[in-house]
Amino acid sequence: MFKYLKTIYCDVRPLYEDLPYTEEYLEDPLNWIPYSDRELICRRAASLANDEKIMFKVGLATPKLNTLGGLERMIILLASPKIAYRSIPRYASLFDNTFKYQVTILDENKAEIK
């Protein structure tokens, strides 16, 4: 989120001011914060960007801003999009059990994810 916001704004400090974290800590994806703090930062990001859909846009930009050093290309070579779409609920639950994902395969290269 910080990388995305920095591409459109100069200052992300309002996201974490009065919270017990540094910008460096929050930018490291291996660091954890409580869910309530995450939600507060997301609400602040929406306010800063004046966009209630900012987190959706951050998600869309993530592959471009946080490349995995060629891992994406390997995944593309090893699996079809259809296989990857079907795997979303299983793998997403390993990272976040707050949400449940439902995937509807529309065709070989297209899916609807709710």
Side-chain angles (χ1 to χ4, degrees):
M1 172 178 28
F2 279 58
K3 285 182 183 180
Y4 178 81
L5 289 172
K6 285 178 179 180
T7 66
I8 56 176
Y9 299 99
C10 295
D11 187 10
V12 295
R13 284 180 289 180
L15 297 177
Y16 61 90
E17 62 186 20
D18 78 4
L19 292 175
Y21 314 107
T22 64
E23 187 172 325
E24 293 76 24
Y25 182 88
L26 292 170
E27 286 180 332
D28 185 338
L30 298 178
N31 291 330
W32 291 84
I33 62 172
Y35 178 79
S36 57
D37 289 348
R38 182 186 92 170
E39 288 301 301
L40 175 62
I41 291 170
C42 290
R43 284 193 305 276
R44 289 178 178 179
S47 178
L48 182 65
N50 196 25
D51 185 352
E52 289 300 315
K53 296 182 180 183
I54 191 68
M55 296 312 297
F56 177 74
K57 293 175 181 176
V58 167
L60 291 177
T62 296
K64 190 193 284 187
L65 295 173
N66 296 312
T67 62
L68 300 174
L71 184 58
E72 299 97 335
R73 184 71 184 138
M74 186 173 69
I75 291 169
I76 290 168
L77 292 173
L78 294 175
S80 71
K82 189 174 184 179
I83 293 170
Y85 296 145
R86 282 189 179 145
S87 301
I88 287 172
R90 180 179 44 188
Y91 290 113
S93 69
L94 297 173
F95 297 101
D96 187 346
N97 61 8
T98 305
F99 301 101
K100 300 289 183 213
Y101 293 88
Q102 176 185 350
V103 178
T104 303
I105 304 296
L106 302 174
D107 67 34
E108 194 65 32
N109 295 309
K110 193 182 226 180
E112 179 181 73
I113 303 167
K114 292 181 183 179

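- Not a single side chain to side chain contact (heavy atoms under 4.5 Å, CB included) links Glu17 to another residue, sequence neighbours left out.
- Looking at residues two or more places apart in sequence or on another chain, you find a side-chain hydrogen bond (donor to acceptor under 3.5 Å, both in side chains) between Glu27 and Lys6.
- Note that the CD atom of Glu24 and the CG atom of Asn31 stand 11.0 Å from one another [nearest 0.5 Å].
- Interatomic distance, Lys110 NZ to Ile105 CD1, rounded to the nearest 0.5 Å: 12.5 Å.
- Listed by chain and number, the residues in a side-chain hydrogen bond (donor to acceptor under 3.5 Å, both in side chains) with Asp18 are Arg44 (sequence neighbours excluded).
- Smallest separation of non-hydrogen atoms from Met1 and Val58: CA-CG1, 3.7 Å.
- Shown here are the side chain to side chain contact (heavy atoms under 4.5 Å, CB included) partners of Thr7, two or more places apart in sequence or in another chain: Tyr4, Leu65.
- With sequence neighbours excluded, the residues satisfying side-chain hydrogen bond (donor to acceptor under 3.5 Å, both in side chains) with Lys57 are Asp51.
- With sequence neighbours excluded, no residue forms a salt bridge (Lys or Arg N to Asp or Glu O under 4.0 Å) with Lys100.
- When all heavy atoms are compared, the tightest approach of Ile54 to Ala49 is CD1-CB, 3.7 Å.
- Applying the ring-ring contact (aromatic ring centres under 6.0 Å, His included) criterion to Tyr101, with sequence neighbours excluded, gives no partner residue.
- The side chain to side chain contact (heavy atoms under 4.5 Å, CB included) test applied to Asn50 returns no partner, not counting sequence neighbours.
- The distance from the SG atom of Cys42 to the CD atom of Glu52 is 11.5 Å, given to the nearest 0.5 Å.
- Applying the ring pair (Phe, Tyr, Trp, His ring centres under 6.0 Å) definition to pairs two or more places apart or across chains, those involving residues 24-44 are Tyr21-Tyr25.
- Within the structure, salt bridge (charged side-chain N to carboxylate O under 4.0 Å, His left out) pairs that include any residue of residues 28-43 comprise Arg38-Asp96 (at least two apart or interchain).
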- Query: Does the side-chain contact (heavy atoms from CB on, under 4.5 Å) test come out yes or no for Ile33 and Ile41, once each step is laid out?
  - Reply: CA-CA 11 Å; Ile33 62 172; Ile41 291 170; 3.9 Å; yes
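- Residues Val103 and Pro89 come closest through the heavy atom pair CG2-CD, 3.6 Å.
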